[in-house]
Amino acid sequence: MAYFIQQLLNGLTLGTIYALVAIGYTMVYGIIGMINFAHGEVYMIGAFIALIAFLGATVHFGFGLTGGLIAALVITALFTGLWGWSIERIAYRPLRGAPKLAPLISAIGMSIILQNFVQLSQGARVMTLPPLLQGGIEVMSDDSLTVNLSWLQMGIIGLTLVLMTGLTLIINRTAFGRAQRACAQDPKMAALLGIHVDRVISATFVIGAVLASVAGLMVTLYYGVIDFYIGFLAGMKAFTAAVLGGIGSLPGALLGGLSIGLIEALWSAYFSIEYKDVAVFSVLILVLLFRPTGILGRAEVEKI
Amino acid sequence: MTLLTVDNLGITFGGLVALDSLSFTVPKGQITAIIGPNGAGKTTLFNIITGFYQAQTGTITLHRDAGPLVLNGKPDYWIARHAGIARTFQTSRLFPRMTALENLLVAQHNRLMKASFFSLAGLAGLAGFKKAERDAIDKARFWLEQVGLTGSANVPVGSLAYGLQRRLEIARSMCADPALLCLDEPAAGLNPKESLELVDLLALIRSRFGATQLLVEHDMSVVMGLSDKVVVLEYGRKIAEGAPQQIRHDPAVIRAYLGEPPDEDIPVDIAQDLDKC
């Protein structure tokens with residue numbers, strides 16, 4: 001029982017990280033109907049900026065642990081947001097009127113460019129950060145095992161919930177959120193009501209990039225190991241999460257992310273850890289076969 | 001007083017001349033109808049005025065109190081925001097997964113964005129934004145009342161009846177305080193009763209709110225009952241312009257709608273074949 005609870009907590013932590021990345025896929029798909037395959041790379045860049053910012057703040061400028069973390073969070077969000085904005089501006093906006101395949105290929109190209117850029121500029125070796133936040137609270141214990149919820153896990157789950165709540169408020173309650181939804185439903189009509197659609201699309205990419213960068217920061221702290229290639233697998237899993245939850249749906253991204261995190265953790269715990277990715281991507285295939293709209297997705301109704 | 005001057009406007013698509021040196025004026029505070037057979041270029045004209053197409057020749061000028069504003073070469077959101085031109089389409093273009101109230105709030109986007117400092121003040125819940133948001137909601141409720149949809153404020157508009165959706169679209173356009181309201185076949189698909197209610201609504205918008213309207217419409221009872229001025233197009237050219245009574249008896253207009261009177265007799269053998277049918 002204790003083992004199960006421990007895996008559940010690990011799965012939830014992993015799941016919230018996937019969920020943060022999945023939001024970027026789902027929001028971009030919602031507004032321009034394309035899968036941004038470079039989004040995993042944005043997350044990877046976020047992880048690198050987080051590492052650099054954290055080390056710079058603590059080692060170079062002598063910030064403490066808390067100060068270093070806050071500085072890393074702010075700097076990571078800022079610079080990764082800028083990356084998100086630039087990627088859209090360079091690779092996708094010029095293709096706005098093009099057939100759907102063109103931006104998709106452009107996204108794959110962007111993904112390769114970013115991977116290689118980081119590999120060349122930061123090196124191909126694995127970067128490590130020693131565990132910083134030790135300790136936690138004991139949730140329960142039985143004779144074989146003590147279930148431990150670390151401070152870091154609490155921080156990750158807590159920050160994700162705060163960000164998710166904030167995003168939901170922005171989308172549902174503010175003028176920008178209404179414009180965002182309007183552009184997703186009918187961009188041409190939104191423009192005729194005076195909304196600068198390109199700017200709303202840019203803002204959507206920035207929001208997606210900022211959330212992915214927070215996920216990158218969390219992964220850097222949680223696992224302490226990053227390299228230029230982490231974006232690919234994490235991106236694919238977050239994409240799976242977005243599809244599982246119903247692409248285009250924000251609550252779906254959270255639900256999908258948590259589900260994928262739990263599937264991965266529990267599969268690793270009870271079956272074979274080598275096959276955990278197989279399990280996750282089997283879910284993608286099953287969803288696409290039997291419920292292509294995902295858990296919370298809407299079927300597109302063709303008007304006749 | 002002229003609100004909009006269209007001067008020598010032209011556009012071609014490949015070899016097709018959609019509009020050919022078209023000139024007319026839209027008087028302020030009145031309803032101007034654009035009529036013509038299918039393919040005459042009416043919707044193309046709307047698409048140019050609202051910035052969706054760019055004209056190849058000619059100019060469109062909006063005369064505001066602050067001075068004239070040339071609309072050529074400006075993008076669609078700019079024309080909506082700075083020139084205050086609102087538009088409806090032949091079919092419902094509401095945001096289907098938003099409520100009626102939200103649809104009317106989207107039309108007030110720019111004012112709210114400014115008041116909320118790009119939504120930042122809105123998130124912080126600052127007083128100035130709260131007031132702007134309240135005013136926007138009041139305005140939306142006012143227009144819901146005008147079109148008789150007060151009870152449906154919080155209903156997703158996708159589930160409203162078609163006739164109500166068309167009325168809601170007009171309300172949404174009016175929420176933006178437009179200088180010019182372009183209505184593309186507002187009566188299309190409406191039953192006779194809904195059509196009459198529409199005429200009343202548009203007349204009210206003219207008399208009570210002084211809004212200038214440009215109307216493309218096929219339903220002649222709507223056009224004749226409502227418009228102060230009619231412009232008739234055929235194959236992208238203007239063939240008549242004037243008051244509805246004048247247009248009704250204009251020989252060029254009658255020819256455009258009913259065709260040329262036959263100027264030679266049907267050959268005898270064909271006439272005999274026709275008799276047998």
Side-chain angles (χ1 to χ4, degrees), chain A residues 27 30-31 81 85 93 96-97 162-204 206-207 210 246 248-252 293 296-304, chain B residues 46-47 49-52 75-89 91-99 101-125 129 132-133 136 156-158 169 172-173 175-178 182:
Chain A
M27 281 182 80
I31 199 162
W85 183 86
R93 194 182 291 185
R96 192 62 36 84
V162 168
L163 289 173
M164 289 280 188
T165 315
L167 183 66
T168 309
L169 282 177
I170 289 177
I171 296 298
N172 288 324
R173 299 276 176 82
T174 67
F176 167 75
R178 271 194 299 267
Q180 213 270 345
R181 282 180 290 150
C183 292
Q185 293 178 29
D186 189 344
K188 194 176 159 219
M189 191 63 231
L192 287 170
L193 291 172
I195 294 169
H196 197 328
V197 178
D198 278 341
R199 217 173 268 170
V200 174
I201 293 173
S202 287
T204 303
V206 170
I207 290 174
V210 166
S249 155
L250 280 185
T293 54
L296 298 179
R298 240 168 329 90
E300 284 292 327
V301 183
E302 285 286 334
K303 282 203 181 120
I304 309 166
Chain B
F46 267 25
N47 281 337
I49 292 177
T50 52
F52 187 60
D76 42 10
Y77 73 89
W78 191 95
I79 288 176
R81 189 186 294 186
H82 297 284
I85 293 182
R87 171 183 185 176
T88 67
F89 287 84
T91 52
S92 169
R93 292 288 287 267
L94 293 164
F95 303 113
R97 297 189 294 282
M98 290 191 191
T99 67
L101 189 70
E102 279 180 321
N103 263 280
L104 303 197
L105 290 178
V106 171
Q108 305 177 58
H109 171 76
N110 287 313
R111 201 177 319 136
L112 281 172
M113 281 300 265
K114 213 178 270 176
S116 67
F117 197 66
F118 303 99
S119 288
L120 293 175
L123 285 178
F129 171 71
E133 179 96 356
V157 298
E169 278 195 294
R172 180 175 67 181
S173 303
C175 274
D177 289 324
C182 296

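Lettering follows sequence order; numbering is per chain, from 1.
For B:Asn103, the side-chain hydrogen bond (donor to acceptor under 3.5 Å, both in side chains) criterion is met by B:Arg172, not counting sequence neighbours. Under the rule for a side-chain hydrogen bond (donor to acceptor under 3.5 Å, both in side chains), the partners of B:Glu102 that lie at least two apart in sequence or sit in another chain are A:Arg181.
Within 6.0 Å of the CH2 atom in B:Trp78, the count of heavy atoms belonging to other residues, nucleotides or ligands exceeds 12. Dense packing is recorded around CZ of A:Arg96, with more than 12 heavy atoms of other residues, nucleotides or ligands lying under 6.0 Å away.
Contact count against chain A (heavy-atom pairs under 4.5 Å) is highest for B:Tyr77 among B:Tyr77, B:Phe89, B:Phe52. Comparing B:His82, B:Met98, B:Gln108 by how many heavy-atom pairs each has under 4.5 Å with chain A, the most go to B:Met98.
Of the atoms belonging to B:Ala107, heavy atoms from both backbone and side chain fall under 4.5 Å from chain A. For chain A, no part of B:Ile79 is nearby; none of its heavy atoms comes within less than 4.5 Å. Neither the backbone nor the side chain of A:Ala203 comes within contact range of chain B; no heavy atoms are under 4.5 Å apart.
The side-chain heavy atoms of B:Val106 and A:Met189, taken from C-beta on, include no pair separated by under 4.5 Å.
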